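Structure below; questions to follow.
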There are 2 protein chains.
Amino acid sequence: MDSKEILKAHILKTATLTDQEFDYLFSHFKSKSFKKGQAIISEGDKVDHEYFVISGCLKAFFINDEIKMYILQFAMPTWWTSDYGALYNHTRATISVDCISDAAVLCLSNDDREKICSEIRQAEHFFRWRTNRGYLASQKRLLSFMNNDTKARYEELLAMYPQLYNLVPKHLIAAYLGVSRETLSRLYNAQK
Amino acid sequence: MDSKEILKAHILKTATLTDQEFDYLFSHFKSKSFKKGQAIISEGDKVDHEYFVISGCLKAFFINDEIKMYILQFAMPTWWTSDYGALYNHTRATISVDCISDAAVLCLSNDDREKICSEIRQAEHFFRWRTNRGYLASQKRLLSFMNNDTKARYEELLAMYPQLYNLVPKHLIAAYLGVSRETLSRLYNAQK
DNA sequence: TGCAGAATGTGATGTACATCACCTAAGCCC
DNA sequence: GGGCTTAGGTGATGTACATCACATTCTGCA
């Protein structure tokens, strides 16, 4: 399945577009490929695109005082990512995005998204629902943070995304969970 | 300013509606008043409305194992609240909402929101942007959780909502910060 | 107005985690 | 394939917080 089909299947789950509408929408996306380790958005960048992952795995992260990294999101195929704060408010990036593995993405500019939303009814509908899912996921993660200890959050993460265990290094999983790599290491070595 | 004017001013900040469109939209809202301590949504309820706060202060919270309460949101005037997970997925409430003070709200049903969104272009636009703001706020709070200690989060909260200091009891602020009331008490008594 | 329950303060103690220090093992690159 | 970088494991120690226990103050209301 090529990029276009993947995006189409993804959007048609929540919106009803004619083929012509989808083709028009798709014409605003640009395909890009990145190598493992490459940066897509770096802190301080001007941000004007969001990214739809076709293959590979990205991470969206924040670095505190140039010391600690916190991972906001592992972006897997059919996920969207960007520094949405910077994108919507036209400010410089505080959140960075780079590639955990080689990756293929579709890029959509903020201007084009707004243009499409104003031209195609169902596109606006789609983006409303997409943001909504993001909001719910974020709220769920916040609750999990307050309510569960590290071990429970680790198991929750692996239950939801079993692929992560082999795909991403453990210190990145620790950065997602918000604990030190040492603590994570001790956790799953102790529980045998 | 009455409820209608407050909602109108709120919506017109991000969407362009004609007076007739707004009147039609407004006709789907119901006014309700609640007393301090009254529940609006209780765990296990069927959820089919969301709420726009006109006056007073609500809290949206989650209770773990019937023991600990975590506050997801203090809802102040012009804020929206509900158990959005239950509302969108048609499941029973896991998040409850009640009144910290006497409150007046406008209620909108999930069905009516979707109906309005499909009928009025700019209404869908408004709700897309509203959800987006919620998503960004939630992500910001998640980052603050991972990155800052309790004292920093406490100061951040009071800097953003100074009214809270006098309006809500300290143990609720602790429940928002995700710490015990004892820890919060020691925190601001130590820093004198 | 006096009393019950709620809100708040504070000490003692336990624990989950961070941090630092150091070690081993596994890529990866000229 | 030897050396360098990155990932990962593990001990010792410190610290921020939870928890329990109890004292104190506030507040609503009969």
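Please read all numbers here as calculations on a predicted model, not as lab measurements. Within every chain, numbering begins at 1; the chains are lettered A, B, ... in the order of the sequence lines, protein sequences first and strands thereafter.
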Is a salt bridge present between B:K59 and B:D98, judged by a nitrogen-to-oxygen distance below 4.0 Å?
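Looking at B:D98 together with B:K59, the answer is yes, because their closest N to O distance falls below 4.0 Å.
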What is the distance, to the nearest angstrom, from the NZ atom on A:K170 to the C1' atom on C:dA25?
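Going from A:K170 (NZ) to C:dA25 (C1'), I get 14 Å.
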Using five pairs at each end of the helix from C:dT1-D:dA30 to C:dC30-D:dG1 to define an axis, what is the angle between those two axes, to 10°?
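What I find for the helix from C:dT1-D:dA30 to C:dC30-D:dG1 is an axis angle of 40°.
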Would you call the rings of A:Y70 and A:F62 parallel, tilted or perpendicular, taking 30° and 60° as the class edges?
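Plane angle under 30°, so parallel.
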State which residues pass ring pair (Phe, Tyr, Trp, His ring centres under 6.0 Å) with A:Y176; sequence neighbours excluded, sorted by chain then number.
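Applying ring pair (Phe, Tyr, Trp, His ring centres under 6.0 Å) to A:Y176 gives A:F74.
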Interatomic distance, B:I41 atom CD1 to B:D48 atom CG [nearest 0.5 angstrom]
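Separation between the atoms: 9.0 Å.
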The criterion is salt bridge (charged side-chain N to carboxylate O under 4.0 Å, His left out); which residues satisfy it with A:D23, sequence neighbours excluded?
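Checked A:D23 against salt bridge (charged side-chain N to carboxylate O under 4.0 Å, His left out); matches are A:K4.
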Pull out every residue in residues 94-101 of chain B that has a heavy atom closer than 4.0 Å to any atom of DNA chain D, ordered by number, or say none.
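Heavy-atom contacts with DNA chain D come from no residue of residues 94-101 of chain B; none.
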Any Lys/Arg nitrogen of A:R121 or B:E124 sitting under 4.0 Å from an Asp/Glu carboxylate oxygen of the other?
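Salt bridge: yes.
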N-O pairing of B:E50 and B:R130 below 4.0 Å
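A salt bridge is present here (some side-chain N lies under 4.0 Å from a carboxylate O).
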Check whether any side-chain N or O of B:Q73 sits under 3.5 Å from a backbone N or O of B:W80 as a donor-acceptor pair, and report yes or no.
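Side chain of B:Q73 to backbone of B:W80, a donor-acceptor pair under 3.5 Å: yes, one is there.
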Classify the ring geometry between A:Y161 and A:W79 as parallel (under 30°), tilted (30 to 60°) or perpendicular (over 60°).
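Plane angle over 60°, so perpendicular.
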At under 4.0 Å, does any side-chain N or O of B:Y188 touch on OP1 or OP2 of C:dG9?
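Indeed, a polar side-chain atom of B:Y188 lies that close.
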Any chance you could list the contact pattern along nucleotides 12-30 of chain D? Use B for base contacts, S for sugar-phosphate-only contacts and - for none, protein heavy atoms under 4.0 Å, 5' to 3'.
B----SSBBB---------
Measure CG/A:L167 against C1'/D:dA7 and give the value in whole Å, please.
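To the nearest whole Å, that distance equals 15 Å.
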Length of the line joining A:L172:CG and D:dA7:C1', which is rounded to integer Å
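After rounding, the reported distance stands at 10 Å.
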May I ask you to say whether A:D111 pairs ionically with A:R113, meaning some side-chain N is under 4.0 Å from a carboxylate O?
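The answer is no: the pair does not qualify as a salt bridge.
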OP1 or OP2 of D:dT6 under 4.0 Å from side-chain N/O of A:H171
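For A:H171, the contact criterion (side-chain N or O under 4.0 Å from OP1 or OP2 of D:dT6) is not met.
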Run the side chain to side chain contact (heavy atoms under 4.5 Å, CB included) test against B:S101 and tell me which residues pass, sequence neighbours left out.
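B:S101: side chain to side chain contact (heavy atoms under 4.5 Å, CB included) contacts with B:C57.
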